[in-house]
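Report on the following structure.
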Amino acid sequence: MSESEAAILAACANRKLSKDDAFEELYRMYAPTVLGWLVLRVARPSVDDLMQDVWTVFFQRWQRWEHLPEMEAPEAKPVLSFLFRTVQFVAKAYWRTAHADESLDGVDAADSNLTPERLIRHVEFGRCLEKARAVCSSEEFDILMAKITGVPAREIARTLRITEPAVDHKFRNVVARLQEELDA
Amino acid sequence: MLERITQEWQALARDFERDAASNPQWFLRERGGVRIRPTVVFAELEDTLANWQELRASAWVGEAQDQLITSEWTLKNLLAHVASWETEFVNQIQTALRRAEFDYTIVFSPKVGPKEWNDEQVGRRRERTLDEIFDEIESGTRRLQDLALELPQDIFSTPRAFPIAFDSDPRTPWILSAAQMMLTKCMHDRHHLARIENFRSSNERGT
């Protein structure tokens, strides 16, 4: 497997990697990230459907993907940015439709995929994330998740329709606030 | 703190690797033929809406609106063309929702498309301001988003005849589902957005 998104895109553009193989590598590279974003944003029963939606959108776009020179910079990450943007959009659709019966805590009784062991691990590993989810606004949480997963600030700003300095400002604020909360 | 939250994120992602890595292959087998859900259509429409809003917010579009982008149309005309299709797609899907019949057909001609219909629609919008044209694009897209989430399953997914004849014969209408029609509208938008972006780039290069 190639070691970075830029390498996969370049290999595909140079026909060293087929479109399908490149898609598969991108999927393997980013599926856990997309799943993580979704689990932290929507109720568990909807995650699988929305995961499929995000990759369906990307699959269709991938068929006509245009490789531009500016995408070659290691920090560009156009696919990760596209996936982040698409997660935002499918989540918006999710929130527009009725999901009042679903709990966001990811421990829904109907969820048979989470074994007790995995559930405990989530809680244990997720204290900081849970705190962030509790104290951040939706936008702040999106910025935090995007930043720690490497989405470029420019693309975060574009997706959330705010300025790039606002992204950085909000990120610094939320990190400071979280630190205070955890110290308290 | 940032390090800790990043570690937690990485642990979460590792936990998902097993789930997530299981099946990229099914996308490839299906070749994009997976059932399109309303959420997908909504997301695609949201993407085009965001792109139009970005264009609207740029100072450039106001300055360039009267420049010729094709041999016949200015940038503003082209946007009026997009707006006219926005409204047409909404009307056609709403007619399908009412389960009513269409009493007209938009007929394409080889190479030039539905030139007569396009010219008439652009002509109707000639006196409108750029803002009014963008308003029509945005409200049409938002209405399609509402429809994507509200349409009954049979209208959303079942192919039916729409009053567009691609092969010049009005007796052979376009047969597709409302979902496919809305995705086609997104492709149409992206086609023109790319064209406008190319136009802007060549303007900036002074060519």
Side-chain angles (χ1 to χ4, degrees), chain A residues 20 23-28 30-36 39-40 49-57 59-61 63-64 66 85-94 96-97 113 118 121-122 124-132 144-145 147-149 158-159 161 175-176 178-179 182-183, chain B residues 1-51 53-54 57 142 145-146 148-150 179 183 186-187 190-191 194 197-198 201:
Chain A
D20 283 358
F23 176 83
E24 197 168 332
E25 290 211 15
L26 290 165
Y27 184 98
R28 287 191 198 285
Y30 287 138
T33 301
V34 172
L35 202 50
V39 163
L40 290 163
D49 280 344
L50 296 179
M51 176 79 171
Q52 180 181 316
D53 291 343
V54 171
W55 288 96
T56 300
V57 171
F59 184 83
Q60 288 167 349
R61 204 62 66 86
Q63 305 312 307
R64 295 175 186 81
E66 197 181 346
R85 186 173 164 90
T86 306
V87 165
Q88 298 296 313
F89 294 163
V90 300
K92 189 171 178 180
Y94 164 85
R96 283 270 300 268
T97 51
N113 291 328
R118 286 188 67 196
R121 286 181 64 200
H122 281 205
E124 193 179 335
F125 286 136
R127 275 184 57 215
C128 225
L129 285 171
E130 280 302 328
K131 175 64 83 178
L144 186 64
M145 289 299 97
K147 278 279 201 180
I148 64 174
T149 49
R158 183 166 174 246
T159 298
R161 300 179 202 185
V175 167
L178 272 174
Q179 186 66 64
L182 290 166
D183 290 345
Chain B
M1 200 291 299
L2 195 55
E3 195 179 333
R4 203 168 137 200
I5 204 164
T6 304
Q7 282 169 357
E8 283 185 8
W9 166 265
Q10 286 166 347
L12 187 70
R14 271 198 303 277
D15 213 29
F16 289 143
E17 270 174 17
R18 205 174 13 163
D19 292 348
S22 58
N23 58 4
Q25 284 295 340
W26 75 269
F27 273 98
L28 303 174
R29 274 199 310 275
E30 298 290 335
R31 293 261 151 218
V34 293
R35 189 171 66 86
I36 298 295
R37 296 188 340 119
T39 333
V40 167
V41 176
F42 181 97
E44 291 280 23
L45 289 163
E46 185 72 12
D47 182 58
T48 59
L49 179 63
N51 281 311
Q53 288 173 332
E54 275 178 31
R142 287 206 179 90
Q145 286 185 301
D146 293 341
L149 299 181
E150 291 164 7
L183 292 178
C186 294
M187 284 177 65
R190 281 199 291 274
H191 166 73
E197 189 50 43
N198 286 339
S201 300

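Model, not experiment: these values are computed from the prediction. Residue numbers start from 1 in every chain, and the chains themselves are labelled A, B, ... in the order their sequence lines are given, proteins ahead of strands.
Proximity to chain B (any heavy atom under 4.5 Å) is restricted, for A:A132, to the side chain, taken from C-beta onward. Only the side chain of A:L144 comes within less than 4.5 Å of a heavy atom in chain B; its backbone stays farther off. Contacts of A:D49 with chain B are made by both backbone and side-chain atoms, with heavy-atom separations under 4.5 Å. When heavy atoms are compared at a cutoff of 4.5 Å, B:Q53 approaches chain A solely by way of its side chain, counted from C-beta outward.
Contact check for B:L2 versus A:L178: no side-chain heavy atoms found under the 4.5 Å cut-off. Using a 4.5 Å heavy-atom threshold, the side chains of B:C186 and B:D47 count as separate.
Comparing A:T33, A:T86, A:T159 by how many heavy-atom pairs each has under 4.5 Å with chain B, the most go to A:T33.
B:R190 pairs by the salt bridge (Lys or Arg N to Asp or Glu O under 4.0 Å) definition with B:E44, not counting sequence neighbours. Scored by the salt bridge (Lys or Arg N to Asp or Glu O under 4.0 Å) test, A:R158 finds A:E155, B:E54 as partners (sequence neighbours excluded).
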Item to check | Candidate pair B:F42 and A:F89, rule ring-ring contact (aromatic ring centres under 6.0 Å, His included), full reasoning | outcome: CA-CA 8 Å; B:F42 181 97; A:F89 294 163; 8.3 Å; no

